[in-house]
Amino acid sequence: MPQDTELAVRTIGISKEFFGQSVLEDVDFDLRWGEIHALLGENGAGKSTLCSILAGLYHPTRGEMMLAGAPYSPHSPHAALEAGVGMVYQHFRLVEQMTVAENILLGNPDVPVRMTASGLAGRAREVMDRHGLWIEPTKYVGDLAVGEKQQAEILRLLNRGVKVLILDEPTAVLTPREAEALFAALRNLADQGRGVILVTHKLREVQQSADTVTVLRSGKKVAHQRVDDTTTHDLARLMIGDDLEPGSGSVDASHTTGDKLLELHSVSVVSDAATRPELDGVNLTVRAGQIVGVAGVSGNGQRELAEVITGLRTTTSGTIRLRGEDISSQTIGGRIKKGMGFVPEDRLTRGLVLGLEIEDNVLLRSQRDRGFRIGPFLRLSAINQWARRLIDRFDIRGVRKGLPISVLSGGNLQRLILARELSRQPALLVASEPTRGLDVGAAEAVQTILKAERGRGVGILLFSGDLEEVLGISDEVVVMYEGRVVASRPASEVDVAQVGRWMAGLT
Amino acid sequence: MTAPTVDRAAARSGRWHMPITVEQRAASRFLQQLGVNLVALVLAFGLGAILLLMAGDNPFDVYREMFDRAFGSSRAFRETLRSTTPLILTGLAVTVCFRMGLWSIGAEGQLIAGSVAGAAAALVLGPSLPAPLAVAAVVVAAALGGAAWATLAAVPRALFGTDEVVTTLMLNFIALGIMNYLIFGSVSYWRDRTNLGFPAGKVIPESTQLDPYFGVFDAGLILSLALALIVALALRRTVWGYQLRVAGDSRAAASYAGISATRQIISVFAVSGALAGVAGGTYVMSITFALEPRAIAVNLGFVGIVVAAVALLKPLLVVPIAFLMGALLSIAPSLSIFGVSPAVVIVIQGIILLCVAGAQFFIRYRVRITRVEVGSR
Ligand SMILES: Nc1ncnc2c1ncn2[C@@H]1O[C@H](COP(=O)(O)OP(=O)(O)OP(=O)(O)O)[C@@H](O)[C@H]1O
Ligand SMILES: [Mg+2]
């Protein structure tokens with residue numbers, strides 16, 4: 001790929017304000033051709049905002065940008081794409097009702113409007129071959145796994161000829177193996193001369209996969225270095241600042257395991273008799289003061305299990321008991337009242353009400369609590385105070401009075417859900433991917449809180465794609481494969497390799 | 001994670017290659033929204049003026065005349081306020097449903113059901129009860145009638161997900177048919193049997209007829225203002241209103257919060273129907289004084305949709321908007337004397353709705369003229 005200059009993208013003094021509040025301040029950012037450039041920073045540091053500016057979604061309040069040495073100021077994502085800059089958002093922009101091939105070729109000016117399915121598939125295969133990525137082109141996007149969707153999204157951008165590829169937290173939703181495949185593909189693209197920008201919170205990924213790293217802190221650039229010259233420890237320090245020591249406070253409070261809290265007896269969920277059951281005779285016990293970690297490749301029944309326990313889905317057969325009482329047919333509201341906390345996987349669509357303000361969001365699931373209402377009336381001042389306390393205690397940043405919470409950054413939204421669900425003193429907490437999207441400091445804080453809750457006697461069922469997290473804080477590890485529990489062992493007796501084999505369906 | 005969802009308008013604007021920037025607003029402030037809508041109103045009157053010019057009228061004269069006829073005398077003002085009352089109530093009825101994402105267009109039918117029930121209560125109880133009690137009885141009966149009519153659409157929606165747009169629309173026609181039948185098609189309890197001429201409704205007893213205070217406004221207006229306040233408070237400060245707002249924003253979050261969709265849908269429909277029903281009851285008590293199909297079925301329910309939309313689904317804003325629309329409605333008949341077709345008023349209403357609907361784009365997106373720089377393509 002012939003290039004005019006050494007620099008792919010250069011921003012000069014980029015600033016961005018939202019409603020008069022500065023989010024980016026004088027950021028100079030350089031991306032070279034052929035490099036994978038990691039963008040690091042705490043939750044709310046401004047990473048997504050910077051990426052969105054480069055991709056033409058937002059417009060900087062001040063500052064200039066260059067693309068391949070020429071002035072660059074895209075007035076829309078489409079214009080950015082025409083100029084060769086494409087972004088993979090964490091929420092993919094694919095059309096689920098269309099096939100992979102259609103999605104990839106979508107909007108390509110050279111593809112004739114009328115084309116047969118096989119013709120399209122052929123064209124899509126060409127694109128895939130050229131870039132060394134492979135997904136069955138005739139599949140519908142709605143049926144793809146997350147990792148595949150992401151690849152389809154990348155292929156779509158590549159097919160439009162992007163020279164600069166921006167990925168915002170692409171690995172947050174991937175399993176370690178999918179992440180490795182992604183990095184291999186990105187390396188290949190960089191070797192072909194493209195520039196790649198990668199936002200991530202996982203410092204190890206930066207060390208293993210990126211060439212350069214830029215660190216943002218509170219909207220300012222605080223470092224730009226070659227990755228070889230840093231350690232994960234340096235990076236964490238740069239992100240958080242010198243005042244905070246990451247890795248502290250992880251003293252494991254001694255705890256005793258109590259009575260059986262949650263018991264599942266041969267719980268099955270069959271939504272379609274033609275396919276394999278979503279859940280197939282699952283037995284599971286969580287005791288008070290115990291963290292049970294569920295490991296498994298995503299799509300092996302974890303989501304269904306969490307939903308069945310919390311009442312979002314009904315069982316086809318089997319019983320679920322909470323403190324000995326059968327709750328299989330209880331409503332969600334009834335289970336909430338019995339002390340069930342739930343951090344759902346779909347945090348944006350289910351866990352929060354994005355169009356409402358923070359008070360309405362901290363009230364979610366507690367709207368019937370005596371503390372927050374008198375008869376049918378809400379106690380607005382009590383709710384407001386509660387919201388302030390949670391903002392304080394969980395360091396939720398970016399809340400603006402009078403604005404819906406949709407203005408919060410991804411990590412801060414996750415903090416808000418955790419703050420709410422952890423603070424209502426549940427007896428049982430079902431937590432799906434609690435640390436997804438959190439910066440290192442916050443992720444550690446959440447793990448510390450989970451352990452503290454366990455110390456108070458709370459039973460925790462933890463779903464996480466991060467095997468180390470599962471093994472690191474669980475007392476008991478449960479492995480799911482094709483809707484069944486294939487192994488259940490004390491965490492101290494298993495290692496990553498063994499769990500990995502179980503996850504793959506081997507014994 | 002903060003990437004907004006599909007940004008179609010922005011994406012499309014890129015294809016125009018115009019020096020115009022369209023950026024999705026993550027959020028916009030209330031005052032901003034209000035400002036945009038007021039500009040839309042001014043624009044609507046501007047477009048109306050062009051229309052009048054094309055029809056050969058002088059827009060300034062017509063608008064001045066319209067203003068005089070709406071507010072110029074205490075009689076005119078009273079007429080305006082009389083149309084305001086039912087519009088506040090149907091506007092509130094629509095607001096409540098729309099806030100939960102229930103697209104009910106059934107206020108018209110519920111208003112009719114409320115009129116039928118209210119008139120019945122007035123005819124049955126009016127003669128034996130003292131005035132305040134009789135009026136209260138009519139209000140309650142009208143509310144129940146409207147709520148019951150709304151429930152006919154609510155139950156299938158809640159249980160089977162039947163499209164409420166279709167059912168509420170059908171129910172409007174059925175309600176109208178029933179009311180017409182009661183007066184024109186049969187010798188029903190509501191019909192005035194002493195009158196052998198053109199079929200008419202039986203006049204309600206004096207105890208249920210609302211007299212205007214100071215010759216200007218009556219108890220119906222006070223009731224509607226109070227209800228606007230109550231709806232605003234209910235949305236903001238009650239568990240019911242909270243659940244409605246959550247369900248209106250995200251059904252998935254509502255079920256996660258343990259909010260029963262069935263119950264919430266039925267109760268919201270019932271409240272909405274009750275509000276529209278009260279509109280019918282007060283209309284009978286202060287304007288028609290009888291079940292008069294041709295005076296009652298004048299699209300107050302449909303105009304309520306315009307009122308609610310222009311008021312951005314804010315109950316307190318419904319009041320001034322209903323007042324404005326009420327003024328437009330009340331002058332429609334008298335305009336023809338002035339040589340202008342009453343259709344003008346309807347057209348202006350339509351233009352207002354279009355302008356406000358169009359304005360929503362500017363609320364969601366920020367549009368700017370930008371320099372086109374070399375190399376930006
Ligand atoms: N559209 C918006 N309106 C107002 N404020 C916004 C908007 N978008 C972002 N912000 C604010 O800007 C700050 C930076 O947000 P950004 O999404 O860039 O953070 P981030 O670095 O991507 O964080 P995370 O790791 O949590 O995703 C946050 O405080 C956020 O609340
Ligand atoms: Mg982000």
Side-chain angles (χ1 to χ4, degrees), chain A residues 18 48-49 52 56-59 67 70-79 82-83 87 89-91 93 168-169 312 331-336 342 344 346 348-356 360 363-365 367-368 373 376-378 380 402-404 406-411 413-414 437, chain B residues 1-32 233-234 236-243 245-260 263 366 368-377:
Chain A
F18 285 112
S48 297
T49 306
S52 302
L57 189 68
Y58 290 148
H59 303 273
L67 178 67
Y72 167 66
S73 69
H75 48 81
S76 71
H78 182 84
E82 301 252 293
M87 175 157 166
Y89 300 87
Q90 192 144 16
H91 281 127
R93 300 184 156 197
D168 194 359
E169 296 193 38
L312 286 175
T331 60
I332 300 170
R335 298 186 206 203
I336 294 173
F342 181 26
D346 320 329
L348 295 192
T349 50
R350 202 179 270 294
L352 294 168
V353 197
L354 287 185
L356 301 184
D360 293 322
L363 187 61
L364 203 64
R365 279 163 81 79
Q367 72 271 18
R368 306 213 148 268
R373 70 183 175 107
F377 298 103
L378 295 173
L380 293 188
L403 287 185
S406 56
V407 303
L408 295 188
S409 79
L413 290 172
Q414 178 71 352
Chain B
M1 288 303 286
T2 44
T5 46
V6 185
D7 194 355
R8 288 195 203 89
R12 223 180 284 133
S13 82
R15 230 161 277 153
W16 300 336
H17 297 301
M18 289 218 287
I20 290 178
T21 287
V22 180
E23 171 174 321
Q24 191 169 30
R25 294 175 199 263
S28 41
R29 292 196 190 279
F30 176 65
L31 281 179
Q32 226 168 26
L233 287 177
R236 189 73 238 151
R237 298 181 160 258
T238 66
V239 176
W240 178 80
Y242 172 74
Q243 296 191 341
R245 286 185 289 125
V246 170
D249 202 273
S250 160
R251 292 291 149 100
S255 78
Y256 164 71
I259 298 169
S260 150
R263 221 185 299 160
R366 186 196 313 270
R368 292 190 301 213
I369 310 290
T370 42
R371 291 170 295 148
V372 190
E373 279 146 311
V374 193
S376 78
R377 267 228 46 203

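Throughout, protein chains are lettered first and strands after them, A, B, ... in sequence-line order, and every chain is numbered starting at 1.
- Residue B:Arg251 does not touch chain A at all, counting heavy-atom pairs closer than 4.5 Å.
- Among A:Gly334, A:Pro376, A:Gly351, A:Gly333, the residue with the largest count of heavy-atom pairs under 4.5 Å with chain B is A:Pro376.
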Item to complete: Given side chain to side chain contact (heavy atoms under 4.5 Å, CB included), test B:Tyr256 with A:Ile332 step by step and report yes or no.
Response: CA-CA 7 Å; B:Tyr256 164 71; A:Ile332 300 170; over 6 Å; no
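- A:Arg368 pairs by the side chain to side chain contact (heavy atoms under 4.5 Å, CB included) definition with A:Arg373, B:Val239, B:Gln243, not counting sequence neighbours.
- Contacts of A:Leu364 with chain B are made by both backbone and side-chain atoms, with heavy-atom separations under 4.5 Å.
- Taking all atoms of both residues into account, the shortest heavy-atom contact from A:Leu356 to B:Asp249 is N-OD2, 4.4 Å.
- Both the backbone and the side chain of A:Leu363 come within less than 4.5 Å of a heavy atom of chain B.
- Taking both residues in full, the closest heavy atoms of A:Arg365 and A:Ile336 are given as O-CG2, 3.3 Å, listed atom of the first, atom of the second, then distance.
- Ranked by heavy-atom pairs shorter than 4.5 Å toward chain A, the options B:Ala254, B:Ser260, B:Gly248, B:Ala252 are led by B:Ala252.
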Worksheet item: Under the side chain to side chain contact (heavy atoms under 4.5 Å, CB included) criterion, do A:Phe342 and A:Leu312 qualify, and how do the steps go?
Response: CA-CA 11 Å; A:Phe342 181 26; A:Leu312 286 175; 3.6 Å; yes
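- When each of B:Ser250, B:Ala257, B:Ser255 is checked for heavy-atom pairs under 4.5 Å with chain A, B:Ala257 comes out on top.
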